[in-house]
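Keep in mind the model is a prediction, meaning the values are calculated, not measured.
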Amino acid sequence: MHSSSLPRVLALVGMLAAFLLPATAAEASAPLRTHAAARGKFIGAALATSPLSGESSYRNIAATEFNQVTAENAMKWDSTEPSQGQFNFSGADAIVNFATQNSQQVHGHTLVWHQQTPGWVQGLGASAMRTAIQNHISGVVGRYADNPAVVSWDVVNEVFDDNGNMRTSFWYNTLGQSYIADAFRAARAADSNARLCINDYNVEGINAKSTAMYNLVSSLRQQGVPVDCVGFQGHLAIQYGFPNDLQQNLQRFADLGVQVRITELDIRMQMPRNSSKDSTQATYYRNVVNACNAVTACAGVTIWGFTDKYSWVPDTFSGEGAALIYDESYQQKPAYTAVHDALAGGTSTDTTPPSAPGTPASSNVTSNSATLTWAASTDSGGSGLAGYDVYREQGTNDTLLGRSTTASINLTGLTPSTKYQVYVRARDGAGNVSGNSAAATFTTTTGPVGGACTATPTVQTQWNTGYVVQPVTVTNGGSSAITGWTVTFTLPSGHTLTGSWNAAVTVSGQNVTARNANYNGNLGAGASTSFGFQVSRPSGDTQTPSSYTCA
Ligand code: 9MR
């Protein structure tokens with residue numbers, strides 16, 4: 001063969017192969033980061049310094065699979081400033097250098113947290129503590145301000161307690177809430193380009209804590225505090241169910257104008273592992289990545305480690321573990337495939353929809369809630385069943401009543417004395433949607449006896465062009481429990497609702513209807529809950545809403 005014809009033959013063979021093989025064959029086996037990058041997202045892992053320096057398997061996977069890294073511990077205060085003014089960046093630098101060598105972005109974690117902060121900080125008085133925060137942030141953020149790998153920071157971490165109140169940490173007890181804004185301003189001063197985040201756990205779904213976070217971020221930004229991003233940690237467990245409103249929750253934060261990200265994803269299980277738990281875990285991982293894919297402002301997903309060999313979970317939750325996407329021997333688990341396929345999504349070869357679900361059967365029907373259960377769908381296309389969507393049949397515009405990852409759903413916030421015709425569709429991991437199940441009907445019972453439920457509003461703050469009504473306290477004054485409530489009120493003319501929390505709110509003209517969210521509808525006799533909302537109004541108008549009713 002003539003020497004110059006060999007490359008041509010090889011090129012032809014290549015073209016032929018490209019033609020004969022499915023277009024996605026090469027890409028399908030590509031590492032996670034390739035697929036994430038193709039979507040403009042990151043897929044990341046938290047890294048621990050010791051295996052990073054000591055184990056080549058750990059290093060190789062960390063380098064090849066991820067395009068983003070977070071230091072699991074090395075950038076925390078006890079590592080970077082163990083004694084006052086004595087900075088130590090050895091661990092932090094090791095991770096930043098690794099990321100630089102492997103073209104990965106680094107998320108700095110974390111500047112102000114109530115854990116892993118040395119005793120010398122915790123004992124300071126207010127003024128000295130304020131100075132310590134300034135110096136720490138300028139020292140740590142300042143060190144990497146000119147380093148292109150380090151692009152973002154968790155400025156404050158876990159400032160809420162589990163009920164959504166401010167955590168009474170030593171920060172809060174010494175400085176009040178002001179430390180949060182101060183920390184963000186100090187971080188901006190130290191690096192004008194870095195993306196500055198607030199990060200927390202149990203805020204993945206729409207609940208009291210995530211709503212407290214939403215209100216805080218909204219109010220900080222209104223005050224000009226540089227909060228650019230919200231981190232949803234994502235420490236999930238298969239035995240506690242999946243937060244089906246994750247995507248909706250990410251979107252409501254995105255609508256505030258912030259970037260959102262999943263920062264510490266792990267999905268634990270009760271040990272021992274088995275294939276059924278692995279498969280549920282894989283579905284959860286897939287759902288998280290799909291939620292981020294579906295929200296434009298979601299920058300990416302960081303997994304809190306990658307191998308079960310190194311995970312905080314077994315040390316913290318007795319009897320639980322196996323929360324990551326590689327096992328203890330660095331073998332990929334079904335969760336890896338799920339993350340991979342969700343990232344590869346658009347290029348998936350699965351075009352086979354799941355089978356249609358069985359006809360839903362209703363039970364536990366009350367005035368505003370009902371349980372539906374149906375025979376599960378099966379999915380043979382390879383990407384796996386991702387979940388179900390439950391619709392109300394309403395002529396041309398059917399409405400989505402809810403989503404579930406299991407073959408059952410508890411619908412809440414329904415209207416009393418109303419006939420519902422419903423059907424279910426299944427989705428798979430590649431986004432294929434099944435045919436509709438057969439429809440079923442049920443009718444909600446009449447509502448609670450009039451007068452049992454009351455709504456009492458409090459105008460929390462008002463300014464020239466708007467106000468916040470919070471809490472609107474909803475009380476079940478009756479003698480038996482209710483499973484839902486509906487509050488109505490009237491907005492003065494020219495007033496516009498701009499936000500609400502802890503209720504499902506619809507507006508028609510000036511009439512507002514607020515129904516319980518899926519977590520605060522159950523009120524025992526005498527029990528109360530609350531929701532809130534925000535309104536803009538014409539300058540100079542001092543009116544607030546009137547005619548509150550509750551049923
Ligand atoms: O994974 C981290 C573990 O190695 C540390 O011992 C622990 C100390 O509190 O922190 C773990 O990481 C936490 C993260 O920094 C903040 N969110 C919760 C994480 C799990 O506890």
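For the pair Asp266 (side chain) and Leu324 (backbone), a donor-acceptor distance under 3.5 Å is absent. At least one donor-acceptor pair closer than 3.5 Å links the side chain of Asn102 to the backbone N or O of Phe98. When atom types are taken as modelled, the side chain of Ser369 and the backbone of Gly484 share no donor-acceptor pair closer than 3.5 angstrom. Put simply, the side chain of Asn244 never gets that close to the backbone of Gly402: no donor and acceptor are under 3.5 Å apart. When atom types are taken as modelled, the side chain of Ser367 and the backbone of Thr445 share no donor-acceptor pair closer than 3.5 angstrom.
Aromatic ring centres of Trp304 and Tyr310 lie farther apart than the 6.0 Å criterion allows. The ring of Tyr58 has its center closer than 6.0 angstrom to the ring center of Phe306.
A heavy-atom distance below 4.5 Å is not found between the side chains of Tyr172 and Arg167. Tyr330 is not listed as a side-chain neighbour of Asn60, based on a closest heavy-atom distance of 4.5 Å or more. Residues Tyr285 and Ile325 are in side-chain contact: their nearest non-hydrogen atoms beyond the backbone lie under 4.5 Å apart. Using a 4.5 Å cut-off on side-chain heavy atoms (C-beta onward), Tyr519 and Asp245 make no contact.
Interatomic distance, Asp161 CG to Asn202 CG, rounded to the nearest 0.5 Å: 11.0 Å. From Arg392, atom CZ reaches atom OG1 of Thr441 across 11.5 Å, with rounding to the nearest 0.5 Å. In this structure, Ile303 CD1 and Thr263 OG1 are separated by 12.0 Å, a value rounded to the nearest 0.5 Å. Taking CH2 from Trp485 and CZ from Arg515, the interatomic distance works out to 10.5 Å, rounded to the nearest 0.5 Å. Summarising the geometry, atom SG belonging to Cys229 is positioned 7.0 Å from atom CG belonging to Asp154; distances are rounded to the nearest 0.5 Å. To the nearest 0.5 Å, atoms CG (Asp278) and OG1 (Thr283) are separated by 11.0 Å.
Donor-acceptor pairing under 3.5 Å is recorded for the side chains of Asn199 and Glu264. A donor and an acceptor atom, one from each side chain of Asp162 and Tyr201, are located under 3.5 Å apart. With 3.5 Å as the limit, one finds a donor-acceptor pair spanning the side chains of Asn207 and Ser210. With hydrogens and angles left out, the side-chain atoms of Asn97 and Gln101 include no donor and acceptor closer than 3.5 Å. Between the side chains of Glu320 and Gln239, at least one donor-acceptor pair of N or O atoms lies under 3.5 Å. Between the side chains of Ser311 and Arg268, no donor N or O sits under 3.5 Å from an acceptor N or O.
For the pair Pro31 and Thr64, the tightest heavy-atom approach, listed with the atom from each and the gap, is CB-O, 3.3 Å. Of all non-hydrogen atoms in Pro357 and Gly435, the two that sit nearest each other are CD-O, 3.8 Å.
Exactly one of Gln233, Arg261, Gln68 qualifies for a side chain to side chain contact (heavy atoms under 4.5 Å, CB included) with Thr302. That residue is Gln68. When each of Asn368, Asn516, Asn522, Thr412 is tested with Thr483 by the rule side-chain hydrogen bond (donor to acceptor under 3.5 Å, both in side chains), just one qualifies, namely Asn368. Paired with Ser152 under the rule side-chain hydrogen bond (donor to acceptor under 3.5 Å, both in side chains), one option of Arg195, Gln259, His107, His109 passes, and it is His107.
The pair Arg427-Asp389 meets the salt-bridge criterion, since a charged nitrogen lies less than 4.0 angstrom from a carboxylate oxygen. Under a 4.0 Å N-O distance rule, the pair Asp341/Arg286 does not qualify as a salt bridge.
Ring orientation note: the planes of Tyr423 and Tyr391 are close to parallel, at an angle under 30° on the 30°/60° scale.
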